[in-house]
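What follows is one structure encoded as structure tokens, with my remarks underneath.
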Amino acid sequence: MQDKYQPAAVETAAQQHWDSTDAFRVTEDASQPKYYCLSMFPYPSGKLHMGHVRNYTIGDVLARYHRMRGYNVLQPMGWDAFGMPAENAAIQNNVPPAKWTYANIDYMKAQLKRLGFAIDWSRELATCTPEYYRWEQWLFTRLYEKGLIYKRLGTVNWDPVDETVLANEQVIDGRGWRSGALVEKREIPMYYMKITAYADELLAALDDLPGWPEQVKLMQKNWIGRSEGVEVHFPYDLSTIGHAGVLKVFTTRADTLMGATYVAVAAEHPLATQAAAGNAELAAFIDECKHGGVAEADLATMEKKGMPTGLRVVHPLTGEYLDVWVANYVLMGYGEGAVMAVPAHDERDFAFATKYSLPIAMVVRSTRDAYEDTVAPWNDAYAEHGRLVNSGKYDGLHFQDAVDAIAADLDAKGLGAKRVQFRLRDWGISRQRYWGCPIPMIHCADCGDVPVPDDQLPVVLPENVEITGRGSPLAKMPEFYECSCPKCGKPAKRETDTMDTFVESSWYFLRYACADSSTAMVDERVNYWAPVDQYIGGIEHAILHLLYSRFFTRAMRDCGLVNVSEPFTNLLTQGMVVAETYYRELDGGKKQWINPADVAIERDERGRIVSAKLAADGQAVVIGGTEKMSKSKNNGVDPQSLVDQYGADTARLFIIFAAPPDQQLEWSDSGVEGASRFLRRVWNYGHAFVTETRPALPAERKLASGDIPSALADARREIHTHLKQANYDFGKHQFNTVVSAAMKILNALEKAQKDLAASAPAAHAEVAEEGFSILLRLLSPITPHICHALWVDCGFGTDILSTRWAEPLEAALKQDELELVLQVNGKLRGNIKVAADASKSQIEALALASEAAQKFMEGKPPKKVVVVAGRLVNIVV
RNA sequence: GCCGGGAUGGCGGAAUCGGUAGACGCAGCGGAUUCAAAAUCCGCCGCCGCAAGGUGUAAGGGUUCGAGUCCCUUUCCCGGCACCA
């Protein structure tokens with residue numbers, strides 16, 4: 001055993017041991033409970049960032065902990081390998097996306113191995129390989145045949161200069177990020193997955209997911225957005241529109257229908273198009289509406305604008321004419337592309353009506369706030385449910401009765417009915433990009449859209465392409481898209497769109513169960529491993545990725561591929577990794593971001609930061625606040641240099657100790673030093689244990705009988721108390737306090753060694769042996785390498801991985817006397833010692849008699865005495 | 001804008017069911033060791049106060065014998081908003 005802790009050597013040896021014994025390779029085993037522990041797979045962007053290290057460390061802690069608890073643990077790893085960054089890198093560096101991606105995977109895999117994660121690498125997969133995506137294509141054709149995939153027009157961001165579709169993040173202030181051109185909305189044909197067919201089930205099943213954070217379930221619930229309302233039909237006015245028809249709108253406030261004073265349609269609505277034909281001003285406005293991005297956040301915050309069409313529709317109950325407006329906040333893709341406006345009781349309609357001097361008709365009076373009329377400024381009470389007024393036969397009805405009566409009347413007239421509407425929209429999966437899974441469809445002039453037959457799968461993505469950033473590469477490759485129709489054999493055109501990369505990540509967790517299968521998407525092994533017992537990943541995925549995965553698992557279930565409905569039984573959402581930022585303002589107000597590693601901090605005598613200077617030139621820099629580690633803010637810390645300098649165990653320990661998993665983690669160089677220091681202390685204690693303590697162990701052990709000096713019994717009780725706390729914390733995934741408990745145990749062990757090793761060497765050695773073996777087991781999921789080495793060196797066993805988890809012993813925890821807090825009128829005034837089995841009245845008497853109580857009661861009689869068992873006594877006077 | 005979350009010493013954080021606020025660690029200060037430094041070890045460490053004591057968990061209010069924890073109002077920060085992953 002080395003007398004000094006040398007992390008590099010310790011970690012290499014431990015990793016070789018795991019490699020040579022194939023320690024983390026697992027197979028299905030019905031005799032053991034299984035534990036499928038999964039961290040979200042990374043996008044191979046180049047190198048690991050600290051967020052990855054955090055994610056995989058948390059997963060590894062859970063995997064190793066459950067293994068020691070007796071589970072058959074699967075922890076796989078793979079690569080979410082399709083996506084935009086590969087295309088951007090291709091444009092920038094002129095390297096094919098495939099080559100770039102595979103090189104990144106090689107590098108990042110080596111980094112993951114260096115961190116010592118307990119991964120079964122035999123199941124590794126990369127979504128950009130034909131072996132993976134062929135099954136995605138296969139499933140696509142099945143879902144298409146089942147009607148769960150269909151084609152319709154969808155709205156995208158179009159860059160007219162680069163002639164390409166842009167992602168929302170590529171639209172900056174309404175302009176293309178590369179070309180700077182004004183972005184337009186454009187309608188193009190796209191394939192959609194019918195996630196709305198599962199809306200009810202996805203919503204209802206949230207109640208059966210006790211292992212998910214409430215906040216995530218709530219976000220999904222709101223996202224799905226089930227609302228019960230009424231579909232209202234407004235018949236076209238023949239004199240202005242010229243042909244028969246109805247304008248359909250959905251409303252959750254049918255009670256306010258009598259207060260509808262106009263209707264608004266989207267710029268793309270057929271009525272808008274019709275009206276614009278003879279109205280240049282309106283056509284220009286509609287054109288303006290088509291500028292700007294499609295992101296909901298932009299639409300929600302932009303100025304609400306509109307213009308009358310001159311067309312009218314008929315109010316279904318009153319027969320009055322209502323003007324049809326075009327409004328930029330109404331979207332064609334949402335609902336029917338039209339809304340009814342009730343300015344008196346809807347804040348957005350109120351603002352719009354006020355701006356354009358449209359009529360406002362109050363029809364509801366709130367029961368909470370009394371007001372005579374809905375006049376400016378807007379008052380939140382206007383939107384409340386209440387008793388109807390100015391509504392003819394419906395006057396006096398309350399919300400639900402009013403909705404029921406109005407819906408019944410609409411139904412009788414054939415102009416509407418109650419219905420349920422979801423906010424959730426179908427999932428558009430077509431992408432006009434190269435680096436993605438080709439959509440397996442063929443377009444034939446005679447046969448229409450034909451799915452690629454199984455024997456022609458996979459549709460392989462060509463890997464040697466030129467990426468320019470203009471247009472879609474596949475659409476420029478006749479050798480890719482020229483093909484023959486599978487049905488009639490005539491020349492046909494292959495689909496050149498690829499799938500949204502969320503599709504790959506919606507089923508990879510099932511593929512891990514049988515990643516080597518070349519004959520099926522998933523085979524019977526999936527029903528051993530699924531569902532994932534513990535899923536770990538960033539909170540930013542709370543809605544989209546997790547909802548798509550829940551949908552996909554059900555779609556695969558309904559194709560007979562898997563038995564489960566829910567993919568993830570327990571979910572842990574990890575917080576971000578953030579760090580301090582520093583910058584200097586350059587001429588023109590631009591900020592030059594400076595890496596924290598290059599900054600020297602100055603502090604006052606209390607340790608407060610007073611200034612920051614660039615180490616290189618000694619000149620001041622501005623402290624910019626704490627932000628998510630990113631390239632743009634230059635505040636990233638490279639995990640590689642951390643591991644090189646301190647070792648994997650220190651990196652892991654710091655990350656686990658610095659914050660609970662679900663909170664954001666603030667980077668701290670000195671915190672890393674502290675973690676490293678602790679591991680050195682553990683090593684030094686282990687070294688002393690081997691050389692000094694272990695030789696003092698008695699031939700016959702006395703610990704079980706409790707025959708040890710009371711000071712050592714106290715030390716032992718402390719150790720078991722901390723262990724009990726640590727096990728509790730492990731259960732609630734609060735790993736930072738598990739580390740605290742481990743530190744307290746080491747403190748107790750070191751104190752016992754200093755105070756008691758000389759006076760009672762044999763008894764001390766027994767307590768130390770037990771305590772240190774507890775400490776190593778407690779730490780081994782977090783810092784596995786050092787614990788592996790010390791476990792062997794201390795002679796506790798040959799492999800800590802196959803050791804049972806430590807449990808506190810009741811005999812060691814027992815105590816005869818308790819210390820209670822004494823309060824007078826709720827203020828802390830002292831402590832009293834009582835026997836562990838003292839009765840409430842005995843405790844009361846002791847408390848009242850105590851010196852502190854006498855002093856602060858000031859001779860007044862007690863009104864009330866509150867005794868909280870094991871905690872405190874509060875005397876109220 | 002909408003949905004979700006957060007705020008506790010100089011810093012990261014702890015406080016399990018409403019019961020000692022600040023565990024554990026970092027930074028800082030004092031001391032030991034050292035020719036010196038690093039490393040290590042010992043002690044102190046919310047704020048005000050000589051002390052007794054008072055006060056303190058983003059701000060303001062409420063419930064309670066007792067509130068970081070429950071309720072109401074407000075401010076600021078973060079995540080998501082359907083083509084970043």
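Within every chain, numbering begins at 1; the chains are lettered A, B, ... in the order of the sequence lines, protein sequences first and strands thereafter.
A gap of 13 Å separates the C1' atoms of B:G46 and B:C11, to the nearest Å. The gap from the C1' atom of B:U69 to that of B:U64 amounts to 13 Å, rounded to the nearest Å. Only the P atoms considered, B:A7 is 12 Å distant from B:G12, to the nearest whole Å. Using atom P as the reference point in both B:A67 and B:U16, the two lie 16 Å apart (nearest Å). Separating the C1' atom of B:U8 from that of B:C24 is a span of 16 Å, rounded to the nearest Å. Nucleotides B:G30 and B:A21 place their P atoms 31 Å apart, quoted to the nearest Å. For the C1' atoms, the distance from B:C84 to B:G68 is 37 Å, rounded to whole Å. Taking atom P on both nucleotides, B:C26 is separated from B:A39 by 12 Å, rounded to a whole Å.
Using a 4.0 Å cut-off, no side-chain N or O of A:Q725 falls inside it from OP1 or OP2 of B:C24. Contact annotation: A:Q663 side-chain N/O to B:G13 OP1/OP2 distance is under 4.0 Å. Contact check, A:R677 against B:A39: no side-chain N or O comes under 4.0 Å of OP1 or OP2. Between A:R871 and B:U16 there is no side-chain polar atom (N or O) within less than 4.0 angstrom of OP1 or OP2. Residue A:K827 places at least one side-chain N or O closer than 4.0 Å to OP1 or OP2 of B:U55. For A:N831, no side-chain nitrogen or oxygen approaches OP1 or OP2 of B:U20 to under 4.0 Å.
With respect to the salt-bridge test (charged N to carboxylate O, under 4.0 angstrom), the residues A:R423 and A:E296 qualify.
A:V876 comes within 4.0 angstrom of sugar-phosphate atoms only, judged by non-hydrogen atoms across all strands, and of no base. A:K217 comes within contact range of no nucleotide atom at all, as no heavy-atom separation falls under 4.0 Å. Within 4.0 Å of A:L218, counting heavy atoms only, lie sugar-phosphate atoms of the nucleic acid but no base atom. Within the 4.0 angstrom heavy-atom criterion, no nucleotide atom of any strand lies near A:F654. Among the protein residues, A:K732 comes within range of the sugar-phosphate backbone only, with heavy atoms under 4.0 Å from sugar or phosphate atoms but none that close to a base.
Within a 6.0 Å sphere centred on CD of A:E851, other residues, nucleotides and ligands contribute 12 heavy atoms or fewer. Remark: A:K305 NZ is loosely packed, at most 12 non-hydrogen atoms of other residues, nucleotides or ligands lying under 6.0 Å away.
Atoms CH2 (A:W212) and P (B:G5) sit 16 Å apart, rounded to a whole Å. With rounding to whole Å, A:E673 atom CD is found 16 Å from B:G12 atom C1'. In this entry the distance linking CD1 of A:I224 with C1' of B:G4 reads 15 Å, nearest Å. In this structure, A:K754 atom NZ and B:C41 atom P are separated by 11 Å, rounded to whole Å. For A:F730 and B:U16, the CZ to P distance is 20 Å, given to the nearest whole Å. Rounded to an integer number of Å, the gap from A:L665 CG to B:C11 C1' is 13 Å. Across the protein-nucleic acid pair, A:E819 atom CD and B:G19 atom C1' stand 15 Å apart, rounded to whole Å. Rounded to whole Å, atom P of B:G66 lies 15 Å from atom CD1 of A:I875.
Ring centroid separation for the pair A:F678 and A:F657 does not come in under the 6.0 Å cut-off.
Partner assigned to B:G12 is B:C24, using Watson-Crick or G-U wobble distances below 3.5 angstrom. Nucleotide B:U55 is matched to B:G46 when pairs are restricted to Watson-Crick or G-U wobble geometry with both distances under 3.5 angstrom. Pairing for B:A7 goes to B:U75, judged as Watson-Crick or G-U wobble with the two contacts each under 3.5 Å. Using Watson-Crick or G-U wobble geometry with both donor-acceptor distances under 3.5 Å, B:C2 finds its partner in B:G80. Taking a pair to require two hydrogen-bonding distances under 3.5 Å in either a Watson-Crick or a G-U wobble arrangement, B:A67 remains unpaired.
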* Structure fact -> Quick tally for nucleotides 78-85 of chain B: nucleotides whose base has a protein heavy atom under 4.0 Å get B, sugar-phosphate-only ones S, the rest -, giving SBSBBBBB
* Heavy-atom protein contacts under 4.0 Å, nucleotides 67-73 of chain B, coded B base, S sugar-phosphate only, - none -> -------
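Residue A:K744 places its side chain closer to B:A23 than to any other of B:A23, B:G13, B:G25. The side chain of A:T737 lies closest to B:A23 when the candidates are B:A23, B:G53, B:C11.
Donor-acceptor pairing under 3.5 Å, judged by distance alone, is absent between the side chain of A:N222 and the base of B:C3.
Base orientation of B:C17: syn, the glycosidic angle falling within 90° of 0. B:G56 takes the anti form, because its glycosidic angle lies more than 90° either side of 0.
Side-chain contact annotation: A:Q753 with A:Y685, donor-acceptor N/O pair under 3.5 Å absent. Side-chain contact of A:D729 with A:Q725: a donor-acceptor pair under 3.5 Å is present, judged by distance alone.
For the pair A:D729 and A:E214, both in contact range of RNA chain B, the more 5′-proximal nearest nucleotide belongs to A:E214. Nearest-nucleotide assignment on RNA chain B puts the 5′-proximal partner with A:A658, out of A:A658 and A:S670.
Residue A:Y132 forms a ring pair (Phe, Tyr, Trp, His ring centres under 6.0 Å) with just one option from A:Y508, A:W507, A:F41, and that option is A:W507.
Taking each heavy atom of A:Y43 and A:A86 in turn, the nearest pair found is OH-N, 3.1 Å. Smallest separation of non-hydrogen atoms from A:L749 and A:I719: CD2-CD1, 3.7 Å.
Here the side chains of A:V873 and A:V866 are not in contact, with every heavy-atom distance at 4.5 Å or above. The closest side-chain heavy-atom distance from A:K355 to A:K304 is not below 4.5 Å.
Taking CD from A:Q574 and CD from A:Q663, the interatomic distance works out to 13.0 Å, rounded to the nearest 0.5 Å.
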* Would you sort out whether A:D500 and A:W427 count as a side-chain hydrogen bond (donor to acceptor under 3.5 Å, both in side chains), showing the intermediate values? => CA-CA 9 Å; A:D500 180 2; A:W427 175 16; 3.0 Å; yes
